[in-house]
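One structure below.
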Amino acid sequence: MIKIAVLVSGSGSNLQALIDANLSGKIVGVISNKPEAYALKRAKQAGIATAIIEHKKYPNRESFDAVMHQQLLDWDIDLVILAGFMRILSASFVQSWQGKMVNIHPSLLPNYKGMHTHQRVLNTGDVLHGCTVHYVTTELDAGQALTQGVLKVGLHDTEETLSNRIHVLEHLIYPQAIEWICNGTIQHLDNGDVHYKGQKLDKPIQFCQF
Ligand code: GAR
């Protein structure tokens with residue numbers, strides 16, 4: 001069975017969706033860089049081991065990442081899931097977990113990498129918005145996309161309503177993508193290619209909410 005660690009910084013609603021999904025992999029640990037993260041309570045309630053590794057206590061990114069890396073090794077982790085983990089990871093950490101680390105991002109990548117995605121979508125006047133599950137590579141928000149949830153931006157949407165609507169989509173697509181990794185439907189090959197049901201995946205599988 002695939003052993004999973006989830007990295008969080010905040011509320012952890014995506015962590016909760018993963019816990020509730022009864023994945024065929026096992027979430028063995030949750031790491032937070034923030035001691036006050038509500039996600040830690042969710043993990044404890046589910047009987048999952050937690051580790052608080054505060055980035056502020058380390059002199060640089062590399063030393064913070066090295067402690068996380070050791071914790072993942074101690075838990076014997078196969079798959080690292082970033083779920084609202086709001087730290088940029090060092091190149092060496094990312095390379096150590098290449099092909100074994102995924103993230104969810106609140107936009108239709110490659111559009112709107114980085115922060116404040118909902119407001120930027122509203123400013124541009126886009127009709128469509130969404131979220132993307134992707135493998136993590138050293139370039140920010142640029143690894144191979146696996147799945148996307150797509151919604152139509154409403155005339156009365158605000159940053160807050162979009163955030164809420166995107167969260168609903170995230171809670172559907174993240175557990176699905178993770179289950180596909182756990183049961184071998186999605187495979188990351190040594191040459192970097194990603195296969196879905198044995199075929200090379202060229203573009204993400206989209207779930208549209210309209
Ligand atoms: C999610 O919307 C996720 O897409 C976003 O943080 C939120 C975490 O919510 N991640 C990023 O912006 C990463 N660049 P949660 O703590 O309730 O799961």
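Here the structure is a predicted model, which is why all the values come from computation and not from measurement. If you read the sequence from its start, that first residue is 1, and numbering goes on from there. Whatever order the structure lists them in is the order used to number ligands and atoms, beginning at 1.
Side chains of Ser13 and His171: a donor on one and an acceptor on the other come within 3.5 Å.
At least one side-chain heavy atom of Met115 sits under 4.5 Å from a side-chain heavy atom of Met86. Here the side chains of Ser11 and Arg42 are in contact, with some heavy-atom distance below 4.5 Å.
Ring-plane geometry between Phe85 and Phe64 is classed as parallel, the angle between the planes falling under 30 degrees on a 0 to 90 degree scale with a further cut at 60.
Nearest approach of Arg165 to Val153, heavy atoms of both residues: NH1-CA, 4.3 Å.
With sequence neighbours excluded, the residues satisfying ring pair (Phe, Tyr, Trp, His ring centres under 6.0 Å) with His129 are His118.
A heavy-atom cutoff of 4.0 Å around ligand 1 is satisfied by the protein residues Ser11, Gly12, Ser13, Asn14, Gly84, Met86, Ile104, His105, Pro106, His167, Glu170.
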